[in-house]
Amino acid sequence: MAVGYNPQQIEGKWQRRWAEDKLYQVTEDDTRRKWYALTMFPYTSGDLHIGHWYAMVPADVHARFKRMQGCNVLHPMGFDAFGLPAENAAIKRGIHPFTWTMQNIANMRRQLKSIGAIYDWSREVITCLPEYYKWTQWFFLKLYEAGLAYRDKAPVNWCANCQTVLANEQVVNGFCERCGTVVTRRDLAQWFFRITRYADELRQHDGLDWPERIKIMQRNWVGKSLGAEIAFSLDHPGVSEKEIRVFTTRPDTVFGVTFMVLAPEHPLLAKLVAPERRAEVEAYIERSRRRTDIERLATEREKEGMFVGAYVVNPLNGEKVPIWTADYVLMSYGTGAVMGVPAHDERDFAFAKKYSLPIPVVIAPPGWQGEELKEAYTEPGVMVNSGRFNGLSSESGIAAVCDYLEEKGWGKRAVSYRLRDWLISRQRYWGAPIPIVYCERCGIVPVPESSLPVLLPENAEFKPTGESPLKYCPEFVNTTCPRCSAPARRETDTMDTFMCSSWYFLRYASPDYEAAPFEADKLDYWLPVDLYTGGAEHAVMHLFYARFFVKALRDMGLVSFGEPFQRLFNQGVIIVERQKMSKSRGNVINPDEYVAELGADAVRAYLMFVAPWEQGGEWDDSGLSGISRWLNRLWHLVLEGYDPGEAVGAEARAEAERALARITHQTTRKVTGDLERIRFNVMISALMEFTNYLAKVKEAGSVGKDAWAGSIRTLLLLLAPTAPHLAEELWQRLGYDYSIHNQRWPEWDEALAKDEEVTLVLQVNGKLRDRITVPVSIIEEEAKELARGSKKVQLYLEDKRIIREIYVPGKLLNIVVK
RNA sequence: GCCGAAGUGGCGGAAGUGGUAGACGCGACAGUCUCAAAAACUGUUGGAGAGCAAUCUCCGUGUCGGUUCGAGUCCGACCUUCGGCACCA
């Protein structure tokens, strides 16, 4: 009897050996196909919980598989280290964000090493270190030079009591999470990136192997609409603007306009408000400033608005149109003004009903007899009550109205996007400082590249209230102008952390390079990423920003590719007691104790098995012990020795060996395919079935020693990516050469994997009546004959007439009778 | 609210293109071993019903309807749960 499986004794040993041998360190190698397998790097929150393992382990298994297939695999790891929680810890517990972050990294690195992954730790990147954020700042300068960075006013969440800017997360139902004060919007000058310049390209995913749903989400995020901009003329005493432009996707409905709505933030609003309405309208604007965009756009909420007391004129029919303001119109979309066509837009309909505005029909629904509409008709139709355009279909009407607008100079065809420019300014300490200086004489001056990095001052004060600590740090703020050397002030905002994560995958190619963010030939070798894995919560923001970054760099000539991630895969979430893990619920599963008890290999295999990776599943201790039992059985199966039974005849032995070869080759084929297609849970099932089959073979002693050894060897190779320590140990104990992880992935032979017999299902009228075992080579006529010979089938054919027979080779025969 | 997913035994899940529903595992039950228990091993296990029995019949993939010889899979409507919504990352 072999000594039992004891993961504690083997896992640490092999991890040390692999590290000593630098088994997983990689360099560029033109003789092998490169494979860049990237997992989204973790935020430095403190502890690695089982959810992190769920992101890392299957990705590592796949990377190991590619490595055994002969690829030169880069599988790096690093830390997303700037961000709000570090600053909160500073305020709450008086610990410096740098200290807090680096302590967390030390702990997380230790935990990550216990996974037994093939991370090349010599390439680790940490975004909060000056060596890294120097280049984050450098990219800001490049984008600024390229005209992709600009300054503009934008609202922030403002708590008047704390005198501070709040993240959306810190606003709970419109109140400050700390002090309960009502949160308002406040306009600040902030930095933006012109991501909208790339809107059209970002909608395209040509040649990318991405989940369809993510591509759809990104396209919807861009939200491209074709339509027209129409100028309604304005003649208001004391206002110089002579028109208000609206964007509409339905220029064919322009004759049905009965009101215009301006966003509460619209710059003309204040100038147009009639004196007797001013108080009311201003109160309304104030109220809407407290609402989030989500609330404002909710179609279920009752539409509320205010008449401004001014009018514009519809250029197409000369009608006077009252101007309203309502917060369902956003300043960030289109022109911040919409034309109200109640008959043909649901929101406008509800609005007009509430305020008793007329609802003239200008697009006739099918069979319309001139009656009033009970609800908005938003489908295309035939234009009516539309002057010269009457009788046109919506489709040709849109073109005709656009032509007419352009001819008269009243408007033009236009495209509008839901996508907004990327606001990167954060009024916080723990981020990369924006490398800009404000000089009274020269204005906005970028910090020269040679002066990078703009270091974060270490001695900033973390008051529980106030703005960015950088504002109160004179030695940081006060500087001299790089251009004219006059006294100047530094920008005190730091950059959005999405900025750090928009290029980290480039840094892994040459993490220590000092002359530039990356070394060109190494970048050319490794990039783009072949398989990027991470949570679906990043479907739009992180993935979108990273794509924008790479496209901008390509246009600057810095990189030669336009897409960072060739294949994308999103894993699901591990839940506990049907709930998402969170510190506040107190249901966070720490993997350390499970690793100590059952071993990293068992935890790895369990996470692979628990559910389809993209779906996620429930953490369950007893499921884990089931996996542990399997690995234990496998250990004994391999080490206990094998005795071929003496009583087995030569013919039976040959037959048993043929069967074993068939199962071995079928398993190899299945496991390979499942790894390729990222279907890890069924891959583990296949390995379990293979183990069970081998256990039966062993009990019977039905095959020869060589056949047995060959199948065991294949089993270990197939197991190696999932349970790397166990496979290495068994490999060594069987006397094979170190290391199993340098072996070639097994191949299969289709001829040997082929089944000799199949089960043919016999149905009558689609109901299963019998099954028969037939040779795979059976032809249709033979199958039909066998079916008629089946007593069970005959029972259902009595007194019936056969109408049809449907034969699916190798699957079934369905006899349709009457 | 809008956008995007997912609903299959007591539980996690399996069934690449419509063709044996419930693989594999957990749990439960029974047995072997033991003074006993744990561990391990063996067997049974979707529900209802019939039969001494091998076995047989019917019902079953969130709900309702449709297409088809045949639907977990395709189509339509609805219900529930989950992810994102631009300063959590």
Side-chain angles (χ1 to χ4, degrees), chain A residues 40-45 80 82-85 88 156-157 165-171 190 195 211-221 223 292-301 332 418-428 496-498 501 535-542 544-545 570 572-573 575 578 580 606 609-612 614-627 629-630 632-633 636 673-674 677 679 681-682 684-689 692 759-768 770-771 792 803-806 808 810-817:
Chain A
M40 290 177 188
F41 63 170
Y43 175 69
T44 52
S45 54
D80 187 14
F82 273 137
L84 189 61
N88 283 339
V156 293
N157 299 312
V165 174
L166 300 177
N168 287 344
E169 193 191 43
Q170 299 172 301
V171 181
Q190 310 194 65
I195 193 170
E212 206 53 43
R213 65 176 196 277
I214 304 291
K215 293 195 275 188
I216 291 168
M217 277 193 249
Q218 292 206 338
R219 270 201 293 279
N220 291 343
W221 187 256
T292 64
D293 288 359
I294 294 174
E295 288 172 323
R296 286 173 58 167
L297 290 173
T299 49
E300 222 169 46
R301 188 170 65 101
S332 57
R418 207 188 73 97
L419 181 70
R420 311 204 291 257
D421 275 339
W422 176 13
L423 195 167
I424 60 141
S425 292
R426 297 291 180 270
Q427 293 71 41
R428 299 188 207 295
D496 181 3
T497 54
F498 278 125
S501 55
E537 67 272 22
H538 293 295
V540 277
M541 307 192 61
H542 160 60
F544 216 73
Y545 296 138
N570 296 112
V573 180
I575 56 169
R578 307 175 125 194
K580 207 180 159 179
Y606 174 67
F609 182 62
V610 66
E614 71 272 25
Q615 187 185 306
E618 175 113 15
W619 178 263
D620 172 24
D621 286 7
S622 51
L624 176 62
S625 56
I627 287 285
R629 280 206 284 270
W630 167 55
N632 213 28
R633 278 201 305 276
H636 289 291
D674 287 342
R677 279 154 42 218
R679 294 164 42 80
N681 57 328
V682 287
I684 301 289
S685 299
L687 288 176
M688 285 174 169
E689 283 180 87
N692 294 345
T759 303
L760 193 71
V761 168
L762 304 180
Q763 296 183 334
V764 180
N765 283 348
K767 294 214 172 194
L768 183 133
D770 200 4
R771 301 164 221 254
K792 289 175 187 168
I803 303 173
R804 246 173 106 178
E805 283 173 306
I806 292 141
V808 184
K811 284 268 167 64
L812 61 72
L813 178 70
N814 185 16
I815 302 171
V816 185
V817 298

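Chain identifiers are assigned alphabetically (A, B, ...) following the order of the sequence lines, protein sequences preceding nucleic acid strands; residue numbering begins at 1 within each chain.
Of all non-hydrogen atoms in A:Val764 and A:Val817, the two that sit nearest each other are CG1-CG2, 3.9 Å. The two residues A:Asn157 and A:Ala167 come nearest to each other via the heavy atoms ND2-C, 3.9 Å.
B:G22 adopts an anti glycosidic conformation, its chi angle falling more than 90° from 0.
Here B:A36 sits opposite no nucleotide as a Watson-Crick or G-U wobble pair (both hydrogen-bonding atom distances under 3.5 Å). B:C29 is paired with B:G43 under the Watson-Crick or G-U wobble criterion, all donor-acceptor distances under 3.5 Å. With both pairing distances under 3.5 Å, B:C78 is matched to B:G62 as a Watson-Crick or G-U wobble pair. The pairing partner recorded for B:A50 is B:U55, the criterion being a Watson-Crick or G-U wobble arrangement whose two distances lie under 3.5 angstrom. Remark: B:G1 base-pairs with B:C85; criterion is Watson-Crick or G-U wobble with both hydrogen-bond distances under 3.5 Å. Under the Watson-Crick and G-U wobble criteria, each requiring two contacts below 3.5 Å, nucleotide B:C24 is paired to B:G12.
Ring geometry, A:Trp422 versus A:Tyr545: the interplanar angle falls under 30°, so the pair is classed parallel (tilted spans 30 to 60°).
Atoms CZ (A:Arg426) and P (B:C88) sit 8 Å apart, rounded to a whole Å. Spacing between atom CH2 of A:Trp221 and atom C1' of B:A5 amounts to 17 Å, rounded to whole angstrom units. Going from atom CZ of A:Arg213 over to atom C1' of B:A6 covers 10 Å, rounded to whole Å. Rounded to an integer number of Å, the gap from CG of A:Asn632 to P of B:C41 is 8 Å. A:Lys767 has its NZ atom 8 Å from the C1' atom of B:C58, to the nearest Å. For the pair A:Glu689 CD and B:G13 P, the computed distance is 18 Å after rounding to whole Å. When rounded to the nearest whole Å, the span between CZ of A:Phe498 and P of B:A86 equals 11 Å. The separation between A:Met40 atom CE and B:A89 atom C1' is 11 Å, rounded to whole Å.
Taking only side-chain nitrogens and oxygens, A:Asn681 comes nearer than 4.0 Å to OP1 or OP2 of B:A14.
Considering only side-chain atoms of A:Arg804, the nucleotide from B:C69, B:A89, B:C59 that sits closest is B:C69. Closest to the A:Asn692 side chain, of the nucleotides B:G25, B:A89, B:C87, is B:G25. In the set B:G19, B:G25, B:G16, B:G19 carries the atom at the smallest distance from any side-chain atom of A:Ile806. Side-chain proximity of A:Gln615 to the nucleotides B:G13, B:C87, B:G16 is greatest for B:G13. With B:C88, B:A15, B:G84 as the candidates, the nucleotide lying closest to the side chain of A:Val682 is B:A15. Taking the side chain of A:Arg418 as heavy atoms from C-beta on, and the options B:A86, B:G13, B:C24, the nearest nucleotide is B:A86. The side chain of A:Asn220 lies closest to B:G4 when the candidates are B:A86, B:A14, B:G4. Here the nucleotide nearest the side chain of A:Ser622, chosen from B:C26, B:C88, B:C87, is B:C26. For A:Met688, whose side chain is taken as the heavy atoms from C-beta onward, the closest listed nucleotide among B:G25, B:C88, B:C85 is B:G25. The side chain of A:Arg629 approaches B:A40 more closely than any other nucleotide in the set B:A40, B:C87, B:G4.
Judged purely by atom type and a 3.5 angstrom limit, A:Tyr606 has no side-chain atom pairing as donor or acceptor with the backbone of A:Asp621.
Each of A:Val540 and A:Asp620 was matched to the nucleotide of RNA chain B holding its nearest heavy atom; the match closer to the 5' end belongs to A:Asp620. Along RNA chain B, the nucleotide nearest to A:Met217 and the one nearest to A:Gly626 differ in position, and the one closer to the 5' end is contacted by A:Met217.
Taking the side chain as every heavy atom from C-beta outward, A:Val610 and A:Asp620 never approach each other to under 4.5 Å. Side-chain contact check for A:Leu423 versus A:Asp496: every heavy-atom pair is 4.5 Å or farther apart. Looking at heavy atoms from C-beta onward, A:Asp80 lies out of side-chain contact with A:His542 at the 4.5 angstrom threshold.
Counting distance only, with no hydrogens placed and no angle test, the side-chain atoms of A:Asn814 and the base atoms of B:C69 include a donor-acceptor pair under 3.5 Å. The base of B:C88 is not paired with the side chain of A:Gln170 by any donor and acceptor separated by under 3.5 Å.
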